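Just so it is clear: chains get the letters A, B, ... in the order the sequence lines come, proteins before strands, and each one is counted from 1. Here the structure is a predicted model, which means the values were calculated and not measured.
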4 protein chains.
Amino acid sequence: MGRKKGPKYDAIIDAAVVVFAQNGYHNSKVSKIAQEAGVADGTIYLYFKNKEDILISMFEEKMSIFVDRIQHEISHVESIEKKLEIMVEMHFTQLELDPDLAIVTQLELRQSNTNMRYKVNEVLKGYLGLIDGLLEEGMKQGLFDPGLNIRIARQIIFGAVDEVATNWVMKERKYALTPLASDISDMLIKGLSLKSQPELKGKG
Amino acid sequence: MGRKKGPKYDAIIDAAVVVFAQNGYHNSKVSKIAQEAGVADGTIYLYFKNKEDILISMFEEKMSIFVDRIQHEISHVESIEKKLEIMVEMHFTQLELDPDLAIVTQLELRQSNTNMRYKVNEVLKGYLGLIDGLLEEGMKQGLFDPGLNIRIARQIIFGAVDEVATNWVMKERKYALTPLASDISDMLIKGLSLKSQPELKGKG
Amino acid sequence: MGRKKGPKYDAIIDAAVVVFAQNGYHNSKVSKIAQEAGVADGTIYLYFKNKEDILISMFEEKMSIFVDRIQHEISHVESIEKKLEIMVEMHFTQLELDPDLAIVTQLELRQSNTNMRYKVNEVLKGYLGLIDGLLEEGMKQGLFDPGLNIRIARQIIFGAVDEVATNWVMKERKYALTPLASDISDMLIKGLSLKSQPELKGKG
Amino acid sequence: MGRKKGPKYDAIIDAAVVVFAQNGYHNSKVSKIAQEAGVADGTIYLYFKNKEDILISMFEEKMSIFVDRIQHEISHVESIEKKLEIMVEMHFTQLELDPDLAIVTQLELRQSNTNMRYKVNEVLKGYLGLIDGLLEEGMKQGLFDPGLNIRIARQIIFGAVDEVATNWVMKERKYALTPLASDISDMLIKGLSLKSQPELKGKG
DNA sequence: TATGAATGAGGGTTCATTCAT
DNA sequence: TATGAATGAACCCTCATTCAT
């Protein structure tokens, strides 16, 4: 972490996660983030262009770790099915381990203006690339339908996983999220597959 | 439409769709909506509690039509697979027919504060109820996996469809959305199904 | 009452007393007065020029009764001392009998703009004329200091009585006001009197 | 002055006196005060909670000086009569020396809402305490009636002086105010005194 | 780098008043 | 007279950002 420099950069990012999660993006004052980070208001602007940039940067920082971890975990795995399952599992686990980040990612991040949505997508590319890799490999292996529209399939996978995560946050994380992963990846695999796979079940 | 009263209510709603789509929720001034609707600023507040209420009400108005239309269309259809396909198709078609509404629904609506997200979900219940109905019927008919977690399945369906729609809006509607419906519903059906369905493919 | 016309005029005046007393002048909406009076908002403007005019008219209406009653009571009395005592007593009694009017008179009336203060003084002239009459008569009778500056003396009397009344209202009318009248009028009479003051320096 | 901090605090207070005097409280825009003080609008809110707080703070600042000066002057004086005379004189002189403050004190301050009236009274306590001190001392010395109700007597004194001052402001300060002080204090002393009043019928 | 006092643009909302009916 | 829906001017305050130190 800390692509740019100094411990203050990280402190501000971490403070922003907490403050955004607590108050939402629009209700979070920059001065509150500064306070939480233990720096002066003006210092924020030595590290970030503006308030939006804090959100973007935070997302970039956290997302790159997020993606790196997933990539690392699935790199050891052979089967496509298992790779997808672990991907979803890791996605959920990481959200469960950082509730503040989960709130920001699933809810607050979408409160920024439309223009920012595009930047968020930019950041998401690393993650979406992972999915694309899975799909291509699956098609090559003859596991998935050769006629698969990768872009659409990727959107379906991401949309499904993201929606489940969002609902979990909106239900105030009252239930465990990670255990849902295998069911979801099973359904997705089935949906993408060429034919019948009798017994996909189980996180086994 | 016009649950409340008068042509001005509708005029304001319609103006809001246009203005929100153009500028985003946070950048839309109430006075601009008034201007677009051809009423005085103060008139807005005879029909709506505040700016947020315009957004919510707009969503309620439009969403109830949206759901009613889908419900009407699928009521004539027997097969579950076809029902889902038509649901997705209608979902997409309606967004394509009202690009401003599509922008607001897929992007701007999510910019409101967290608290509003909950209200949006309230409004979505009608739509989600349709999905649940489909799922229950499908399970009863032995088409879907009897172990299906309906809540999760519903989230996957909605998440997938919603994400595809959002991507289409963010790509500035450069391609046709409706034709994607059958592929998507096919995948979803396959994912939800109990076992092998040799030839699920499409309207083709 | 009802110098102008119709029962609605009176209804509006009476409603205004209640509403102004409850919320203060600036926090009282014209529509609330209309509601309380059982008329439409627009009807108010058939009887009153504007919101301020309601306050002024109310004060005129009520004040003329106020002054008439005092005048009537003191007309039967011979002694100047007694006249002043009864004047103060009546002043207090009438406020005690109409707590809403007391609040409006002592507090809310002063919340209007400066320009209105002048109009209020116009209305007060009837009352101040009574005081002047007392003073002139007292001087003629040799009771009061012949060097008395009537204007100042009148201000002292009115100021004293008014301040006691205002304090009583601000103390939320927790004590009886009328019993204070005789002490006050005694002091005032003493202060105005010719009699011995061993060594009153000053302009002598 | 400047209980809080910086020259801007004082500048804003002084600007407020001028602006409130010119336009009245309700017609004074905060931005006008900022302009007059030579600061940005937002700066006001670094020093004051809101518009009302400016008025209150202004009154507190000015009133404490006001009271301190009177206290200082009368501390050198022996006789009660003289003390009261000087108190009234100082009261008037200070108003004459700061006409803008006089307008605000006598007229605009009373335009605020009822709730604020209570705060104003809080601020006035210093001044009223001076009067109480005088009264107690006068009673101890046997100069004033031992049966004096101090609270009422204080209200009479303050009410009389205040009313004379208010009239002077409303008459646009066309005449000299200070010269009236000795007559007024004479009357008040006489009114409060023990001495003979042949036949003052009490409430008894 | 770091500070934090100062800036000033920006807009949702109220409500007295009007006027077509 | 009476209505009450419609008007639209008016303004306090917030807070992201700057900049002198």
Any donor and acceptor pair, going by atom type alone, linking the side chain of [X] with main-chain N or O of [Y] inside 3.5 Å?
X: B/Tyr25; Y: B/Leu107; result: no
X: A/Lys51; Y: A/Ser28; result: yes
X: C/Tyr47; Y: C/Ile13; result: no
X: D/Thr105; Y: D/Leu101; result: yes

Can you name the closest pair of heavy atoms from [X] and [Y] and give their distance?
X: B/Tyr9; Y: B/Glu61; result: OH-OE2, 2.9 Å
X: C/Ile54; Y: C/Ile44; result: CD1-CG2, 3.7 Å
X: C/Asn23; Y: C/Asn27; result: O-CB, 3.0 Å
X: C/Ala37; Y: C/Ala11; result: CB-O, 3.7 Å

Distance col, row B/Lys49:NZ vs B/Ile56:CD1, nearest 0.5 angstrom, shows 9.0 Å
Outer limits of DNA chain E sitting under 4.0 Å from a non-hydrogen atom of chain B, read 5' to 3', are E/dG11 to E/dT14
- prompt: Which whole-number value in Å describes the distance from D/Asp53 CG to F/dT14 C1'?
  reply: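 Taking atom C1' of F/dT14 as the reference, CG of D/Asp53 is at 17 Å.
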Quick tally for nucleotides 7-12 of chain F: nucleotides whose base has a protein heavy atom under 4.0 Å get B, sugar-phosphate-only ones S, the rest -, giving BB--SS
Establish, from distance only, whether the side-chain atoms of C/Asp162 and C/Gln106 form a donor-acceptor pair under 3.5 Å.
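A pair is found: one side chain offers a donor N or O, the other an acceptor, under 3.5 Å apart.
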Counting only Watson-Crick and G-U wobble pairs with both atom distances below 3.5 Å, the stems of 3 or more consecutive pairs that include DNA chain F are E:2-21 with F:2-21
